[in-house]
Amino acid sequence: MADLLDRVVLPVDSEEDAESSARALADQEYGEVVVVNVIEKAGGAPDKAGVEQRELAAEEMFEAAKSVLGDIETEIYYGTDVVETIFEAAADHDATAVVVTPRGGSRFVQLITGDVALRLITENDHPVVVLPDSEPSTDEEVTDGDG
């Protein structure tokens, strides 16, 4: 599995998700990681929130991931289709895999939100690794990326 996780793109969509996904990755042997947040653009319609506000939220997500993984590469992407944009990020960074963790929610919520995780798995052009969510430990340490 080490080859599959040599260079991963880790998409995150909230601080909680960033920390949870980072913990799940930290439990594995991996090489390099690029944590990515996609700011969804409405494609001509008004956006859900201001870009500056969403960029600040992305930086908070990146800090949450860094609190678990240490010094990592981060990047904000902009796109009208979150799944396509995540795969663009994977291509840009020559990723060996896109790593995701389950985000929960009822099937109804997933239908309303477009079920990004399902699309990541069914419409991919890069390997997608789904890691189980990892509970925070009481003595969690920052790693240097060696897994």
Side-chain angles (χ1 to χ4, degrees), residues 1-41 47-49 51 53-147:
M1 188 169 206
D3 292 340
L4 187 58
L5 298 180
D6 276 352
R7 183 160 178 82
V8 301
V9 163
L10 185 70
V12 296
D13 67 358
S14 70
E15 276 186 75
E16 181 179 291
D17 175 49
E19 189 174 327
S20 172
S21 296
R23 277 194 316 267
L25 183 61
D27 289 343
Q28 310 298 317
E29 284 188 36
Y30 66 97
E32 299 174 44
V33 60
V34 181
V35 177
V36 171
N37 175 251
V38 176
I39 294 179
E40 188 175 10
K41 301 295 292 175
D47 289 328
K48 296 175 185 172
V51 171
Q53 180 183 9
R54 295 162 74 187
E55 289 172 340
L56 288 173
E59 292 302 326
E60 291 172 1
M61 293 175 215
F62 296 155
E63 290 304 316
K66 287 178 180 178
S67 73
V68 176
L69 298 172
D71 188 24
I72 53 172
E73 189 175 347
T74 61
E75 189 165 351
I76 297 173
Y77 275 77
Y78 304 86
T80 55
D81 184 311
V82 173
V83 172
E84 285 181 15
T85 307
I86 289 170
F87 286 120
E88 287 173 19
D92 288 351
H93 292 282
D94 197 26
T96 54
V98 174
V99 172
V100 296
T101 55
R103 302 215 168 116
S106 70
R107 186 71 188 142
F108 179 71
V109 170
Q110 292 173 351
L111 286 171
I112 290 173
T113 60
D115 202 356
V116 171
L118 179 62
R119 287 189 56 217
L120 280 171
I121 294 168
T122 59
E123 300 176 18
N124 63 58
D125 60 1
H126 275 78
V128 176
V129 176
V130 180
L131 296 176
D133 195 6
S134 176
E135 294 296 321
S137 67
T138 56
D139 59 343
E140 200 161 277
E141 296 179 21
V142 173
T143 66
D144 61 0
D146 292 333

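Since the structure is predicted, the reported quantities are computational estimates derived from the model, not experimental observations.
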So which heavy atom on V38 is nearest to which on G79, and how close? CG1-N, 4.4 Å
Regarding E75 and H93, do their side chains bring together a donor and an acceptor under 3.5 Å, going by distance alone? yes
Heavy-atom closest pair (S20 atom, T101 atom, distance to 0.1 Å) is OG-OG1, 4.4 Å
Would you please test Y30 and L69 for side chain to side chain contact (heavy atoms under 4.5 Å, CB included) and show each step? CA-CA 11 Å; Y30 66 97; L69 298 172; 3.3 Å; yes
Looking at L10 and S21, what are the two nearest heavy atoms and their distance? CD1-CB, 3.9 Å
Minimum-distance pair of heavy atoms, taken over all atoms of M61 and A18: O-CB, 3.2 Å
Hey, does the side chain of N37 reach the backbone of I76 with a donor-acceptor pair shorter than 3.5 angstrom? no
What distance do I72 atom CD1 and K66 atom NZ have between them, rounded to the nearest 0.5 Å? 6.5 Å
Heavy-atom pair of closest approach, residues A90 and V98: CB-CG2, 3.8 Å
State, with a plain yes or no, whether a side-chain heavy atom of V68 is found less than 4.5 Å away from one of E19. yes
Using modelled atom types and a 3.5 Å cut-off, is there a donor and acceptor pairing between side-chain atoms of S67 and backbone atoms of A64? yes
Identify, with sequence neighbours excluded, every residue that meets salt bridge (charged side-chain N to carboxylate O under 4.0 Å, His left out) alongside E123. R119
Does some side-chain heavy atom of V82 sit less than 4.5 Å from a side-chain heavy atom of I86? yes
Does some side-chain heavy atom of Q28 sit less than 4.5 Å from a side-chain heavy atom of V129? no
One should read off an interatomic distance between R23 CZ and D27 CG, to the nearest 0.5 angstrom, of 9.0 Å
At what distance, to the nearest 0.5 angstrom, does CD of E84 lie from CG of D125? 9.5 Å
For E73, give me all partners under salt bridge (charged side-chain N to carboxylate O under 4.0 Å, His left out), at least two apart in sequence or on another chain. R7
For T85 and Y77, which heavy atoms make the closest approach, and how far apart are they? CG2-CB, 3.5 Å
With V35, the side-chain contact (heavy atoms from CB on, under 4.5 Å) member among L25, V99, V12, V8: V12
Can you tell if the side chain of T96 reaches within under 4.5 Å of the side chain of P127, non-hydrogen atoms only? no
